[in-house]
Participant: 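Starting off with a structure, shown below.
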Amino acid sequence: MSELVRVLDGNTFVVSDANGDIIASGSTPTGMFSYDTRFLSTWLLTVDGQRLQALSLDDLQYYETRFFLVPGAPTHYVDSTISIIRERTITANLDEKLTVFNHDRKPARVTVRLDVDCDFADLFEVKGGSVRPRDREIEVLDGKLHFDYRRERLHRAVTIASSVPADIDDHGLCWEVEIGPQEGWTTELRVCPVVYGGDGRDIRDSLRTGPPRDKAELQLDLEEWLDKAPRLDSDWELLVSTYRRSLIDLAALRFTPLAGPNRYMPAAGLPWFMSIFGRDSIITSLQSLPYTPELARTTISVLAWGQGVALDDFREEEPGKILR
């Protein structure tokens, strides 16, 4: 788990390996998740058929990271004329900018391939290490790769698009690229998950008053969050940086519940509990009350909305009982 890279915004998050790749397995909770569904189970980048190795990782914010990579197997000495940067941002979608650099003095022709798959697994199936196969519809439409899953009233979908046209099949996207000496090639990818409600609309739209947030809006939101908290002044720099880091970590745990649109409450933790979790949300809200009282306001109202009103042994519901 320590080698996994996590990027998140609310309860939409990506867990990948150190190269930025996602390869679903029973032993690691990798994937792109939103509202307890895995929307990417494979996200594997290769150059000329070779997996990539990480030179370094720039962990910019909880919603943004950057991978510096080269093709080939890991070695103590890397002498590659090709390098790759993956810049990943999580908003309501997954945005990833791929840049391939040619460091040679002559042009380079490379094949860039991105293998993609979506199993639409439930989060707790992934947690249990036993994901059942699902019948999905896969199609290429308008230069985009679409996955669609329906079962009775449940409907989930995801679309993968590239700013540079690609050769697309049911298993991913491919680019045949010629890069000049000391030049680079770039494409921007967007993964758009859709969580359909009973009315046929994306339920995530009800949580937003405007269009999906971009990186600039996420940064502004974080700055406003920090500005609202009490300011700590000290000549002990370590104390000041620890306080700021704690506020940022708390910001990373925020999500917008369906019962409280446009308001934040704390989740219990990534990857398994990025949702309403009574005990942890109450404790976190209580402990952060002097610093971020708005979390407590949302937590109390949302948990009251879901408070038990009947006896239901299957759901472990009792009158007055709070979600655990």
Participant: Is a side-chain donor or acceptor of D148 paired with a backbone partner of A157 at a separation under 3.5 angstrom?
Facilitator: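 No; judged by distance alone, with no hydrogens or angles, the pair does not exist.
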Participant: Do the side chains of W185 and V110 get nearer than 4.5 Å, heavy atoms only?
Facilitator: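 The answer is no; the side chains never approach within 4.5 Å.
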Participant: Dump the intermediate steps for salt bridge (Lys or Arg N to Asp or Glu O under 4.0 Å) on R38 and D119, then the final yes or no.
Facilitator: CA-CA 7 Å; R38 181 159 64 185; D119 59 9; 2.6 Å; yes
Participant: Treating Ile, Leu, Val, Met, Phe, Trp and Tyr as nodes and any side-chain heavy-atom pair under 4.5 angstrom as an edge, say whether Y62 and L60 lie in one connected cluster.
Facilitator: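 As far as the 4.5 Å side-chain criterion goes, L60 and Y62 are not connected within one cluster.
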Participant: List in chain and number order the residues that pass salt bridge (charged side-chain N to carboxylate O under 4.0 Å, His left out) with R88, two or more places apart in sequence or in another chain; answer none if no residue qualifies.
Facilitator: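 With neighbours one apart ignored, the set is E96.
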Participant: Side chain to side chain contact (heavy atoms under 4.5 Å, CB included) between K228 and T292: does it pass, once the steps are laid out?
Facilitator: CA-CA 8 Å; K228 287 180 181 178; T292 57; over 6 Å; no
Participant: Check step by step if side chain to side chain contact (heavy atoms under 4.5 Å, CB included) holds for V100 and I179.
Facilitator: CA-CA 8 Å; V100 182; I179 309 173; 3.7 Å; yes
Participant: For a 4.5 angstrom cut-off between non-hydrogen side-chain atoms, does F101 reach E183?
Facilitator: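 No, their side chains stay 4.5 Å or more apart.
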Participant: Is a side-chain donor-acceptor pair under 3.5 Å present for T99 with T186?
Facilitator: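 Yes - a donor-acceptor pair under 3.5 Å links their side chains.
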Participant: Examine distances only and state if a side-chain atom of D115 and a backbone atom of T42 form a donor-acceptor pair shorter than 3.5 Å.
Facilitator: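 Checked: no pair found.
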Participant: Would you compute the distance between atom OG of S281 and atom CD1 of I283 and round it to the nearest 0.5 angstrom?
Facilitator: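 That separation rounds to 9.5 Å.
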Participant: Between the main-chain N or O of V47 and the side-chain N or O of R113, is there a donor-acceptor pair closer than 3.5 Å?
Facilitator: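 No, R113 side chain to V47 backbone: no donor-acceptor pair under 3.5 Å.
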Participant: Run the side chain to side chain contact (heavy atoms under 4.5 Å, CB included) check on S285 and I282 step by step: do they pass?
Facilitator: CA-CA 5 Å; S285 297; I282 289 173; 5.9 Å; no
Participant: Between W236 and L232, is there shared hydrophobic-cluster membership here, with clusters defined by ILVMFWY side-chain heavy atoms closer than 4.5 Å?
Facilitator: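 Hydrophobic grouping puts W236 with L232.
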Participant: For residues T30 and L4, determine if any side-chain heavy atom of one lies less than 4.5 Å from a side-chain heavy atom of the other.
Facilitator: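 Yes, their side chains come closer than 4.5 Å.
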Participant: Roughly how far, to the nearest 0.5 Å, is CG of D280 from CE of M265?
Facilitator: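 Between M265 CE and D280 CG, I get 10.0 Å after rounding to 0.5 Å.
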Participant: Measure the shortest side-chain to side-chain distance between T12 and M32 over non-hydrogen atoms and say whether it is less than 4.5 angstrom.
Facilitator: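 A side-chain contact exists here, since the closest heavy-atom pair is under 4.5 Å.
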Participant: If I take atom CZ from residue R86 and atom CH2 from residue W43, how far apart are they, to the nearest 0.5 angstrom?
Facilitator: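 Going from the CZ atom of R86 to the CH2 atom of W43 covers 8.0 Å.
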Participant: Looking only at atom types and distance, does a side-chain atom of E125 sit under 3.5 Å from a main-chain N or O of R132, one as donor and one as acceptor?
Facilitator: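 Side chain of E125 to backbone of R132: a pair is present.
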Participant: For R66, does the CZ atom have more than 12 heavy-atom neighbours from other residues, nucleotides or ligands under 6.0 Å away?
Facilitator: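 For R66, atom CZ is crowded (more than 12 foreign heavy atoms under 6.0 Å).
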Participant: Between K144 and V140, does the side chain to side chain contact (heavy atoms under 4.5 Å, CB included) criterion hold? Intermediate values first, please.
Facilitator: CA-CA 6 Å; K144 301 176 182 178; V140 179; over 6 Å; no
Participant: For residues V240 and L222: do they belong to one hydrophobic cluster (side chain heavy atoms under 4.5 Å, members Ile, Leu, Val, Met, Phe, Trp, Tyr)?
Facilitator: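 The answer is no; the residues belong to distinct hydrophobic clusters.
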Participant: So, for I90 and L218, which heavy atoms are closest and what is the spacing to 0.1 Å?
Facilitator: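 Closest heavy-atom pair between I90 and L218: O-CD1, 3.3 Å.
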Participant: Any non-hydrogen side-chain atom of L45 less than 4.5 Å from a side-chain atom of I84?
Facilitator: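 Heavy-atom side-chain distance check passes, below 4.5 Å.
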Participant: Might you point out which heavy atoms bring G10 and L8 nearest each other, and give the distance in Å?
Facilitator: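 Answer, listing the atom of G10 first, then L8: O-CD1, 3.9 Å.
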Participant: Are I23 and F147 connected in the hydrophobic side-chain network, where two residues link if heavy atoms are under 4.5 Å apart?
Facilitator: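 Result: no, two separate clusters.
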Participant: Between N19 and D21 (side chain of the first, backbone of the second, donor and acceptor by atom type, cut-off under 3.5 Å), is there such a pair?
Facilitator: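 Side chain of N19 to backbone of D21: no pair is present.
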Participant: Please determine whether a side-chain nitrogen of the Lys or Arg among R254 and D221 lies less than 4.0 Å from a carboxylate oxygen of the Asp or Glu.
Facilitator: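 Salt bridge between R254 and D221, a charged N being under 4.0 Å from a carboxylate O: yes.
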Participant: Please lay out, stage by stage, how Y243 and R231 fare under the test side-chain hydrogen bond (donor to acceptor under 3.5 Å, both in side chains).
Facilitator: CA-CA 9 Å; Y243 176 68; R231 190 178 70 186; over 6 Å; no
Participant: Tell me, please, which residues at least two apart from D17 pass salt bridge (charged side-chain N to carboxylate O under 4.0 Å, His left out).
Facilitator: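 With neighbours one apart ignored, the set is R51.
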Participant: Mark yes or no for whether T187, through its side chain, and V164, through its backbone, hold a donor-acceptor pair below 3.5 Å.
Facilitator: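 Yes, the answer is positive, given that a donor and an acceptor are paired below the 3.5 Å cut-off.
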Participant: Using a 4.5 Å cut-off on heavy atoms from C-beta on, say whether the side chain of L145 contacts that of T159.
Facilitator: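 Counting from C-beta outward, T159 and L145 never come under 4.5 Å.
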Participant: Of all heavy-atom pairs between P107 and E178, which one has the smallest distance, and what is that distance?
Facilitator: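 Looking at all heavy atoms of both residues, the shortest contact is CB-OE2, 4.1 Å.
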Participant: Under a 3.5 Å distance rule, please check whether R156 uses its side chain to pair with a backbone N or O of F39 as donor and acceptor.
Facilitator: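 Side chain of R156 to backbone of F39, a donor-acceptor pair under 3.5 Å: no, none is there.
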Participant: Under 4.5 Å between side-chain heavy atoms, counting indirect links through other Ile/Leu/Val/Met/Phe/Trp/Tyr residues: same cluster for L40 and I138 or not?
Facilitator: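 Yes, L40 connects to I138 through the hydrophobic network.
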Participant: Hey, is CG on D227 packed in by over 12 heavy atoms from elsewhere, all under 6.0 Å?
Facilitator: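 Yes, enclosed.
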Participant: Main chain of G172, side chain of D169: is a donor-acceptor contact present, judged purely on distance under 3.5 Å?
Facilitator: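 Checking the backbone N and O of G172 against the side chain of D169, a donor-acceptor pair under 3.5 Å is found.
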Participant: Examine the side chains of Y264 and R297 and answer whether a donor and an acceptor come within less than 3.5 Å of each other.
Facilitator: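 No, because no side-chain N or O of Y264 sits under 3.5 Å from a partner of the opposite role on R297.
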Participant: Roughly how far apart are T46 OG1 and L44 CG, rounded to 0.5 Å?
Facilitator: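 Interatomic distance, T46 OG1 to L44 CG, rounded to 0.5 Å: 6.0 Å.
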Participant: Starting at CG of D48, measure out to CD1 of I82 and round the result to the nearest 0.5 Å.
Facilitator: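 Answer rounded to 0.5 Å: 7.5 Å.
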Participant: Which pair of heavy atoms, one from A296 and one from L289, lies closest together, and at what distance?
Facilitator: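 That closest heavy-atom pairing would be CB-CD1, 3.6 Å.
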Participant: Do the side chains of V131 and S41 get nearer than 4.5 Å, heavy atoms only?
Facilitator: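 Of all side-chain heavy-atom pairs linking V131 with S41, none is under 4.5 Å.
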Participant: Give a yes or no on whether H171 atom NE2 has more than 12 heavy-atom contacts from other residues, nucleotides or ligands under 6.0 Å away.
Facilitator: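 Incorrect, the count does not exceed 12.
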Participant: Measure the shortest side-chain to side-chain distance between S16 and F67 over non-hydrogen atoms and say whether it is less than 4.5 angstrom.
Facilitator: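 S16 vs F67: side chains touch.
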Participant: State the CG-CG distance between L189 and D95, to the nearest 0.5 angstrom.
Facilitator: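 Here the rounded value is 9.0 Å.
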Participant: Salt-bridge test for D312 and K321: reply yes if a basic N is under 4.0 Å from a carboxylate O, no otherwise.
Facilitator: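 A salt bridge is absent here (no side-chain N lies under 4.0 Å from a carboxylate O).
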Participant: Quick check: closest heavy atoms across P230 and P290, and the distance to 0.1 Å?
Facilitator: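 Closest heavy-atom pair between P230 and P290: CG-O, 3.5 Å.
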Participant: Which heavy atom of T299 sits nearest a heavy atom of P266, and at what distance?
Facilitator: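 Looking at all heavy atoms of both residues, the shortest contact is OG1-CD, 3.4 Å.
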Participant: Does one side chain, of H103 or T81, offer a donor that lies under 3.5 Å from an acceptor on the other?
Facilitator: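 No.
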Participant: For the backbone of L253 and the side chain of D249, can you confirm whether one donor and one acceptor N or O come within less than 3.5 Å of each other?
Facilitator: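 No; judged by distance alone, with no hydrogens or angles, the pair does not exist.
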Participant: Is W225 reaching over with its side chain to a backbone N or O of L247, donor-acceptor style, under 3.5 angstrom?
Facilitator: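 Present.
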Participant: Around atom OH of Y149, are there more than 12 heavy atoms of other residues, nucleotides or ligands at under 6.0 Å?
Facilitator: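 Yes, because the 6.0 Å sphere around OH of Y149 holds more than 12 heavy atoms from other groups.
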Participant: Under 6.0 Å from the CZ atom of R244, do we count more than 12 heavy atoms belonging to anything else shown?
Facilitator: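 Check fails, neighbour count at 12 or below.
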